[in-house]
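Okay, structure first, notes after.
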Amino acid sequence: MVIADWNNGLKFFELVWDGNQKHLTELPLEPKIWSSSTLYNPSMRTERANWFEDFKSDNKLDASALLNFHKTAGKGNLDYGVIMNRYLVRTTSITQIEKKGNCANMHYENLLKGQQVSKTLKFPVTVNG
């Protein structure tokens with residue numbers, strides 16, 4: 001799980017349960033891609049990370065570009081593309097949240113039904129702009 005904490009400036013944390021204990025790590029404020037250890041072997045995770053590094057060097061990272069990355073990186077690679085389909089296990093949706101001021105814009109796409117929903121969540125006060 002990735003946690004965004006806006007209470008005292010922006011901080012990101014990664015919470016991992018390894019089956020025995022939890023691990024909470026503060027993350028640097030930089031773009032990162034995660035790939036499941038149970039779904040992707042080390043070489044697959046490396047290639048996915050390389051796709052993201054190439055994408056970062058060629059694109060301005062905004063909500064639209066990142067959504068495009070999620071839809072196209074590794075396209076046609078059903079085994080470990082960002083949208084993968086191994087028939088028993090597959091990518092079923094994309095959820096994106098972008099915070100601006102006192103609002104969080106949430107975009108959800110159901111890839112199986114071709115449905116999209118966008119909602120704006122408003123905070124009662126601005127949370128660390």
Side-chain angles (χ1 to χ4, degrees):
M1 174 187 305
V2 178
I3 302 163
D5 177 0
W6 294 302
N7 289 311
N8 294 308
L10 179 60
K11 292 182 181 179
F12 288 122
F13 297 89
E14 178 182 57
L15 177 62
V16 175
W17 172 254
D18 67 11
N20 295 312
Q21 60 184 7
K22 62 184 176 187
H23 305 271
L24 183 65
T25 307
E26 186 170 350
L27 300 171
L29 295 177
E30 60 189 27
K32 180 174 174 146
I33 185 171
W34 282 267
S35 295
S36 169
S37 297
T38 59
L39 293 177
Y40 306 102
N41 67 37
S43 65
M44 291 173 174
R45 290 194 307 269
T46 297
E47 186 162 359
R48 289 166 60 94
N50 290 338
W51 294 338
F52 191 55
E53 288 303 315
D54 291 345
F55 179 81
K56 288 189 311 183
S57 66
D58 295 339
N59 293 275
K60 177 182 178 232
L61 298 184
D62 60 18
S64 177
L66 289 168
L67 185 59
N68 184 56
F69 173 81
H70 277 93
K71 291 180 176 183
T72 61
K75 192 170 187 123
N77 183 328
L78 296 179
D79 199 34
Y80 60 93
V82 175
I83 295 179
M84 65 93 153
N85 183 354
R86 296 183 195 159
Y87 300 101
L88 295 175
V89 135
R90 69 188 292 183
T91 306
T92 59
S93 65
I94 300 170
T95 302
Q96 180 182 60
I97 299 174
E98 179 184 24
K99 181 186 173 295
K100 290 183 177 180
N102 69 337
C103 295
N105 299 314
M106 186 170 114
H107 177 79
Y108 171 82
E109 288 193 34
N110 181 321
L111 300 173
L112 303 179
K113 296 181 179 179
Q115 297 172 328
Q116 298 183 31
V117 178
S118 293
K119 296 285 183 187
T120 298
L121 311 168
K122 294 185 180 182
F123 301 111
V125 296
T126 300
V127 182
N128 291 331

Inter-residue atom distance [X].[atom1] - [Y].[atom2], 0.5 Å rounding:
| X | Y | atom1 | atom2 | answer |
| --- | --- | --- | --- | --- |
| H70 | F52 | NE2 | CZ | 8.0 Å |
| E109 | Q115 | CD | CD | 11.0 Å |
| I3 | K11 | CD1 | NZ | 13.0 Å |
| L111 | I94 | CG | CD1 | 4.5 Å |
| Y40 | D79 | OH | CG | 8.5 Å |
| L121 | N102 | CG | CG | 11.0 Å |

- Query: Which word best sums up how the rings of F69 and F55 line up, parallel for under 30°, tilted for 30 to 60°, or perpendicular for over 60°?
  - Reply: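 Rings of F69 and F55: tilted, 30 to 60°.
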So which heavy atom on [X] is nearest to which on [Y], and how close?
| X | Y | value |
| --- | --- | --- |
| M44 | L39 | SD-O, 4.4 Å |
| A63 | E98 | CB-OE1, 3.4 Å |
| S35 | R45 | O-CD, 3.3 Å |
| C103 | K122 | SG-CG, 3.7 Å |
| A4 | F12 | CB-CE2, 3.6 Å |

Can you get from [X] to [Y] by hopping between Ile, Leu, Val, Met, Phe, Trp and Tyr side chains that sit under 4.5 Å apart?
| X | Y | value |
| --- | --- | --- |
| L112 | I83 | no |
| Y80 | V89 | yes |
| F123 | L10 | yes |
| W6 | V2 | yes |

- Message: Quick one, E53 with I33, criterion side chain to side chain contact (heavy atoms under 4.5 Å, CB included). Give me CA distance, side-chain angles, the key distance, then yes/no.
- Response: CA-CA 9 Å; E53 288 303 315; I33 185 171; over 6 Å; no
- Taking C-beta and beyond as the side chain, do N77 and W51 meet within less than 4.5 Å on heavy atoms?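 N77 reaches W51 side chain to side chain.
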- Task: Please determine, by modelled atom types, if S64 and D62 share a side-chain donor-acceptor pair under 3.5 angstrom.
- Result: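 Absent: no donor and acceptor within the cut-off.
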- Sole candidate of L27, T25, D5 that passes side chain to side chain contact (heavy atoms under 4.5 Å, CB included) when paired with F13: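 Among L27, T25, D5, the one that satisfies the side chain to side chain contact (heavy atoms under 4.5 Å, CB included) with F13 is D5.
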- Message: Keeping R86 on the side-chain end and L78 on the backbone end, is there a donor-acceptor pair under 3.5 Å?
- Response: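 Not a single qualifying donor-acceptor pair exists.
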- Please walk me through it: do T91 and V82 pass side chain to side chain contact (heavy atoms under 4.5 Å, CB included)? CA-CA 8 Å; T91 306; V82 175; over 6 Å; no
- So does H107 have more than 12 non-hydrogen atoms from other groups sitting under 6.0 Å from NE2?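 Enclosed.
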